[in-house]
Amino acid sequence: MQMDDENEEIAIPDYRTIENCEIKVPGPCCLILFGASGDLAQRKILPSLYRLMYNRLLPPEFFILGSARTPLTDRQFRGLMKEAVAAAFPGTIDEGLWERLAEKLYYIQADYSSFSSFVSLKDRIASLEKVHRTAGNRILYLAIPPDAYETVIAHLGPAGLSGEDEGYAHVVIEKPIGRDLASAQGLNGVLRSVFRERQVYRMDHYLAKETVQNVLMFRFANSIFEPLWDRRYIDHVQITVSETVGVEHRAGYYERAGVIRDMFQNHLFQLLALTAMEPPAAFEAERVRDEKSKVFRSVRPLSPDALEATVVLGQYAGGTVGGNPVVGYREEPGIPPDSVVPTYAAMKVCIDNWRWHGVPFYLRSGKRLAARKAEIAIQFRPVPHLMFMPHITEAISPNALVLRIQPEEGVSIFFQAKKQGSRVCLDPVEMNFTYQKTVNLDAYERILLDCMEGDQMLFVREDAVEITWSLLTPLLERIGQPAGQGSFPDYAAGSSGPAAADLLINRDGRQWRPL
Ligand code: BG6
């Protein structure tokens with residue numbers, strides 16, 4: 001603190017330098033963690049808070065109040081959270097550091113269906129706020145099953161937990177934000193009745209990945225790419241998020257979701273928007289989110305009558321991944337043996353605006369594929385006249401620019417170069433930029449800090465959620481009918497997906513990049 005001219009106390013922002021990067025330490029606040037004994041809290045949130053503490057990025061005036069149905073004392077809760085952090089960082093947990101975090105951890109049992117639980121919660125928060133001097137700033141993190149969102153949100157308002165009289169109240173929710181347009185509108189309506197949009201942080205962990213944030217930097221901090229970034233030079237775009245993992249331990253969730261809800265409505269469409277958007281006038285949350293919403297509004301609706309030509313769905317059979325035999329989706333624990341839930345989709349998306357007219361975006365994502373890879377590939381047009389044609393025997397591949405999101409995060413440019421020594425012979429070559437260091441903040445650390453800072457740039461706005469659902473709901477309705485279901489399983493685990501996905505792009509005279 002320091003005094004200004006009128007002798008009032010003003011806060012001087014505190015910064016930490018981590019791997020040559022200046023990061024601001026947020027001001028006083030508390031984190032109210034709903035679902036504190038659950039999987040998300042234990043696997044992601046507590047380990048991220050521990051790392052923030054390790055990097056001295058948590059404000060000194062801070063506390064965490066966990067709540068869940070399970071009866072636990074503060075002491076038992078601390079023990080449980082210590083186990084979770086130790087499991088996330090095996091063998092490396094620093095006892096002294098843990099003790100300092102543990103001193104800020106509290107617990108209250110709650111029954112989310114009962115309003116009196118929220119009254120008790122509010123009283124407990126008020127008393128802890130006095131102890132930790134957190135200035136009334138509250139983050140309400142709903143790490144609870146999505147079907148409990150509406151009940152909890154509806155109680156937060158009347159309990160006086162959404163007001164901002166003393167400090168801010170930010171609410172964080174994770175996907176799935178609804179399961180179709182109507183349910184997303186319903187949830188947004190409940191949120192709107194209790195919070196203002198600027199208080200709502202809808203998280204998409206892909207947006208918090210360093211390399212996804214780099215898409216904006218790469219496009220709008222360099223002048224040489226933007227003139228090429230449209231229908232005159234780009235033939236098509238491929239966005240791939242392939243995974244080697246299967247459904248893991250999430251059968252119940254995945255059976256209700258499937259790949260379109262799990263990956264397309266959020267992660268893949270966000271990557272599409274970052275690739276296709278116009279330059280925002282300012283690097284500000286609202287300006288960036290305006291441009292993304294404009295992209296979504298320009299996406300040509302998938303015509304229910306022509307779905308076969310634009311969407312391919314698949315489900316994995318048994319196979320071999322990374323040299324190990326794995327079972328098919330229908331044999332996974334908790335999955336019905338006749339499940340018709342898709343674990344793979346490929347989709348051709350057209351954007352009806354001047355920039356992208358006639359440039360298809362091919363999106364694909366699936367589980368149990370040959371490789372773990374997330375990338376955005378910009379495929380340029382071939383040269384208009386290839387004067388070397390009489391001298392070379394093979395067609396040459398056009399230029400491509402690939403933004404590699406994971407693994408081997410970086411950027412590659414593919415071009416043709418003369419093969420040395422030959423008279424006329426071309427070789428495709430790759431120029432590579434690879435990030436050397438591991439990222440300094442993981443996605444959950446980033447979103448926790450941004451939420452404390454009140455920066456909504458990496459969070460999804462209400463309108464974007466609804467437009468993306470409105471684009472995908474006809475497809476989901478079709479999948480829900482027997483006629484819309486494929487004959488599954490149709491791709492072997494460890495392969496590059498169903499053969500029909502190749503046809504989708506080959507029909508247009510193009511090919512998928514290898515996984
Ligand atoms: C989640 C999906 O949102 O993203 C998972 O629910 C998926 O099914 C995961 O495995 C992929 O994220 P990442 O960061 O591992 O690419």
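We count residues from 1, following the sequence as given. Whatever order the structure lists ligands and atoms in, that order sets their numbers, starting from 1.
- Between Y50 and W98, the two ring planes are tilted [angle within 30° to 60°].
- Residues in residues 33-47 take part in these side chain to side chain donor-acceptor pair (under 3.5 Å) pairs, two or more places apart or across chains: S37-T70, D39-R43.
- Counting non-hydrogen atoms of neighbouring residues, nucleotides and ligands closer than 6.0 angstrom, the CZ atom of F283 reaches no more than 12 such neighbours.
- Residue contacts with ligand 1 include K209, since one of its heavy atoms falls under 4.0 Å from the ligand.
- Between Y254 and ligand 1, no pair of N/O atoms sits closer than 3.5 Å.
- Checked against a 6.0 Å centroid threshold, the rings of F361 and H236 do not count as neighbours.
- Interface of K175 with ligand 1, defined as ligand atoms under 4.0 Å from a residue heavy atom, comprises 1 (C), 2 (C), 3 (O), 6 (O).
- The aromatic ring centroids of Y344 and Y316 lie 6.0 Å or more from each other.
- The distance from ligand 1 to the heavy atoms of K367 drops below 4.0 Å at these ligand atoms: 5 (C), 7 (C), 8 (O), 10 (O).
- Summary of contacts: the protein heavy atom closest to atom 16 (O) of ligand 1 is Y206 OH, 2.4 Å.
- For atom 5 (C) of ligand 1, the candidate residues are M203, R250, E243, H205; the nearest heavy-atom contact is made by R250.
- Among protein heavy atoms, the minimum distance from atom 15 (O) of ligand 1 is reached at R372 NH2, 4.0 Å.
- Checked against the 6.0 Å centroid threshold, Y435 and F433 count as a close aromatic pair.
- Looking at ligand 1, you won't find any N or O of E248 less than 3.5 Å from one of its N or O atoms.
- In the vicinity of D262, heavy-atom distances shorter than 4.0 Å reach the ligand 1 atoms 2 (C), 5 (C), 6 (O), 8 (O).
- For S412, the side-chain hydrogen bond (donor to acceptor under 3.5 Å, both in side chains) partners are R404, E430, N432, not counting sequence neighbours.
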